[in-house]
Amino acid sequence: MSPEGGGYDPQVIDATWQARWRAEGTYEVDNDDPRPPYYVLCMYPYPSGRAHMGHVRNYTFGDLLTRYRTMRGYGVLSPIGFDSFGLPAENAAIATGTHPRAFTEQRIGELTSSLARIGASYDWRRLVTSHDPRTIRWSQRIFNRFFAAGLVYRKHATVNWDPVDQTVLANEQVLADGTADRSGAVVEKRDLEQWFFRITDYAQELLDDLDPLDWPEKVKTMQRNWIGRSEGAEFELRLCAPDGAPDPAGRSFRVFTTRPDTSFGMTFCVLAPDHPLVADITTDERRADVEAFVARVRATAEIDRLSSERALADRGCATGAHVLNPFTGTPVPVYLADYVLATYGTGAVMAVPGEDQRDWDFAGAFGLPIVETVQRPDGWDGEAYAGDGPHINSGWLDGLDKAAAVAASIDWLVTHGIGERRVNFRLRDWLVSRQRFWGCPIPIVHCPDHGPVPVPDDALPVLAPDDVELRPSGQSPLVSHEGFLHTTCPVCGGPARRETDTMDTFVDSSWYFLRFCDPGNDDAPFDPAAVARWMPVDQYIGGVEHAILHLLYARFFTKALADLGVAPEQLREPFARLFTQGMVRLGGSRMSKSRGNLVAPEDILDVEGADALRLAHLFSGPPADDVDWETVGIEGCTRFLGRLWRLAEPASAAVAPAEGDAAGLVDREAHRLIQRVTDDYERWSYNTAVAACMAFTNHLYKEGSTVFAVDTLLLLLAPMCPHITAELWARRHDGDHLHERSWPVADAALAAVERVTMVVQVNGKLRERVEVDAGIDAAEAERLALATPKVVDALNGRPPRRVVARPPTLVNVVV
RNA sequence: GCGGGCGUGGCGGAACUGGCAGACGCGCCAGGUUUAGGACCUGGUGUCGAGAGACGUGGGGGUUCGAGUCCCCCCGCCCGCACCA
């Protein structure tokens, strides 16, 4: 290490350049910036304190892209914010007595410092946090717009209730085994009055608009499955006596099916245990059993309900009621079963055991008849048959295949006024109420005379009071805060009570990316013109764990806001391109606080510095893949940065300059490197981009360096390791700022290869290598190949059976 | 069960459109430098074989002049949804 130049000291260099970027506003961009716009966005973080490795990975990719696109001449919008409402702050408040705001703002400070320390570059003027009263005001304004448009409504819902923490939980806080992720208690069901967003109005559009998005196919598929469109028919079943005599009261219910073609095989039907008609249709003889069954299902934890261990006979119950199968005119019994869900379709199904395995199993357990309505293929040895085939035992549908029989059966239902074609979605409306304190208050006043009334726009934001005591009482402290609770009705001025529920924090993350476009706006959530300039986000980066909820909600918000005229009308999708990065694991398991296997990025920043840490993440493998930190060799990256320093630092000069022809060859190599690395950046192949830069550095150590080659290397590495490259560039170029330079452009003529190694194969096996001119034609390649000793040997005087020439890289001689 | 993906050295991975398998890095081995250690520099490193060479991308088959890459079957692993009628 040369004493004159000084060694590579990341502590000093990182801090120097981070301060300079911040002070000079290097990555600030105005809405009238003359450069073409490009919007890079990392999913904004929940402020949990100092950054963990997942953050580092995420924000390294985002920062790299910001710097790269800036060098390519774009005005890059790269904002950051914090998803600062949420459960952990509230739990900490209950545990320690700290106000959630103080707790949260401390965590924001820590995460902000971490982000700065990895060198992430943002336009800090655009900072948006969910708990900021300015954000709350516009979240509430949007709620009111949705309310006015009928996109918000209130209804009774069965929600998850944690009996230990005494609170309602979101679905995502309930584990697969039916226990709460925080308390571990078995979650109960409770009926409460809740607020919903009518996302199902957009189900079809949310499905259709996925197709053109440049998103991982996996994420699009997950969303399609979540939306869960299915086509079929809905029709009416009329109650009757066991002998088929009409029900004197004329009662009926409707069923949804995707297989109306199999209706002739309906030998019973099934209602959900909580179907509203259950009590009404149950016969007196069956009432005791039915009531016991319904009570049992309600009390049974989800996990037990789903268990395949349970005897089927315990999962259903006869009601004693009968309905007429309209296709056959015969009566069939009505059962209850826990596998029929009240919330999907009509909460009632016709059962066709011949063509549905669940119905088959149920029929077996209850001794119900099975009628096959589709001809089994030869050799079929299964039970229920769901495939295609000619219909049998189906009256006028006999002989038709599935598609024809579906169409004919629906026509028949329509003609007879019994039912109609029907599309159902699995997607439910979005339950947004949370009985929590640390969230955006729902801006509603309940008036005894006028019902729920929105708080007028000019009275927003509705802010939660600070003088509350957070206790695990099962209610938001707002419920018992008299000053907050009591207000007047905006319509009549009479006494009224404030809504005490807050909004799901997914509401905040459903529009924050729009606010980033116009964060200072005091008249509206954002100016549609500002949004039109930047949106949609050109590159969105985040974890695949948000593949469904956040991304679906944000898409819904964008569409709804566009339809309401809040966002530009033509903005139908928020995120044009999505990249989901892999998770950081340690020794195979997920890194997490609870597992106690966190590797603190700050410890690495203290020693190896930001550039080595970033490089380690970039080099470890494809960005989309999970990475096991145990196998990441930061040593190689640290070593490389040392080599780079001794190559490029003017006074450290460990590499001699290339002389004469060698210099020209090195420069040509540099042009090829530009092509290679640029291509790698464009296709998210950063591990190979790093590899190419390492290989080139090795090459320079061997062949000698040139000013052009080293400068090129620094430019290409600038987005990946911005500190060391900026420092080296400044030392080489009289204080010049690397990150204001343009991305290098390869000279195609110089990059072109003149001499290449041509591979000669005999029968597809490698036999010779020949140095040839890159411009040779097929005839010349063949001539050279046939003249090589191994080929002459193999031919032994005979002519080749065939010669395949792919000049200038390969010739295959078939003998 | 349905959907998506993956399987390459001791390890992370590379091979983009079918054309030199294993780039780059870790680790390991040897040499240099150093008082020594560390750091650094150079070379080597898929398996078998003294060598020529043979074998080699989870297993089996196929297409092709040529297959890690395309097709079929099987095995194993990961992820998502999971009684959605």
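So you know, we letter chains A, B, ... as the sequences are listed, proteins then strands, and number each from 1.
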Let me know, please, whether A:Thr757 or A:Phe256 comes out on the 5' side of the other along RNA chain B by nearest nucleotide. A:Thr757

Options B:A21, B:G4, B:C40, nucleotide nearest the side-chain atoms of A:Leu766: B:A21

Please evaluate the base of B:C65 for a donor-acceptor partner in the side chain of A:Asn812 within a cut-off of under 3.5 Å? yes

Between B:G19, B:A82, B:A85, which nucleotide has the shortest distance from any of its atoms to the side chain of A:Leu341? B:A85

Does B:A54 have OP1 or OP2 sitting under 4.0 Å from an N or O in the side chain of A:Arg767? yes

What's the closest nucleotide to the A:Thr221 side chain, out of B:A14, B:C20, B:G3? B:G3

Side-chain atoms of A:Val804 come closest, of B:G19, B:C11, B:A85, to B:G19

Of B:G80, B:G43, B:G12, the nucleotide closest to the side chain of A:Met222 is B:G80

On a whole-Å scale, what distance lies between the P atoms belonging to B:G44 and B:G37? 24 Å

Once you apply the 3.5 Å cut-off to both distances, tell me the Watson-Crick or G-U wobble partner of B:C11, or none. B:G25

Which of the following nucleotides, B:C79, B:C24, B:C41, is nearest to the side chain of A:Arg643? B:C41

Phosphate OP1/OP2 of B:C65 contacted by A:Arg806 side-chain N/O (<4.0 Å): no

Rounded distance in Å between the C1' positions of B:G60 and B:G53: 27 Å

Does A:Ser230 place a side-chain N or O at less than 4.0 Å from the phosphate oxygens OP1/OP2 of B:A85? yes

Check the side chains of A:Asn698 and A:Arg643 for a donor-acceptor pair under 3.5 angstrom, ignoring hydrogens and angles. yes

With nearest nucleotide decided by heavy atoms, which residue, A:Asn698 or A:Glu217, maps closer to the 5′ end of RNA chain B? A:Glu217

Anti or syn - B:G9, cut at 90° from 0: syn

Please tell me if A:Arg639 has a side-chain N or O lying less than 4.0 Å from either OP1 or OP2 of B:G27. yes

Just checking, any donor-acceptor pair under 3.5 angstrom between side chains of A:Thr200 and A:Asp429? yes

Under a 3.5 Å cutoff, is there a donor and acceptor pairing between the side chains of A:Glu236 and A:Ser252? yes

B:C16, B:G19, B:G25: which one has an atom nearest the side-chain heavy atoms of A:Arg683? B:C16

If only side-chain N and O atoms of A:Arg646 are considered, is one of them under 4.0 Å from the OP1 or OP2 phosphate oxygen of B:C41? yes

Please check if the distance between the ring centroids of A:Phe362 and A:Trp360 is under 6.0 Å. no

Nearest to side-chain heavy atoms of A:Pro622, which nucleotide of B:A14, B:A85, B:C20: B:A14

So, does A:Asp388 use its side chain to make a donor-acceptor pair with the main chain of A:Lys402 at under 3.5 Å? yes

Would you say the base of B:C65 and the side-chain of A:Arg802 have a donor-acceptor pair closer than 3.5 Å? no

Out of B:C24, B:G13, B:G4, minimum distance to the side chain of A:Lys218 belongs to B:G4

Does B:U17 pair with anything, Watson-Crick or G-U wobble, both distances under 3.5 Å, and if so, with which nucleotide? none

Just compare B:A21, B:G25, B:A82 and give me whichever is closest to any side-chain atom of A:Trp226. B:A82

Distance under 6.0 Å and angle within 45° of ring axis: A:Arg585 vs A:Trp629: no

Please report the distance separating the P of B:C40 from the corresponding atom of B:G51, rounded so that it comes out in whole Å. 33 Å

Return no unless some side-chain N or O of A:Lys765 is found under 4.0 Å from OP1 or OP2 of B:G19. no

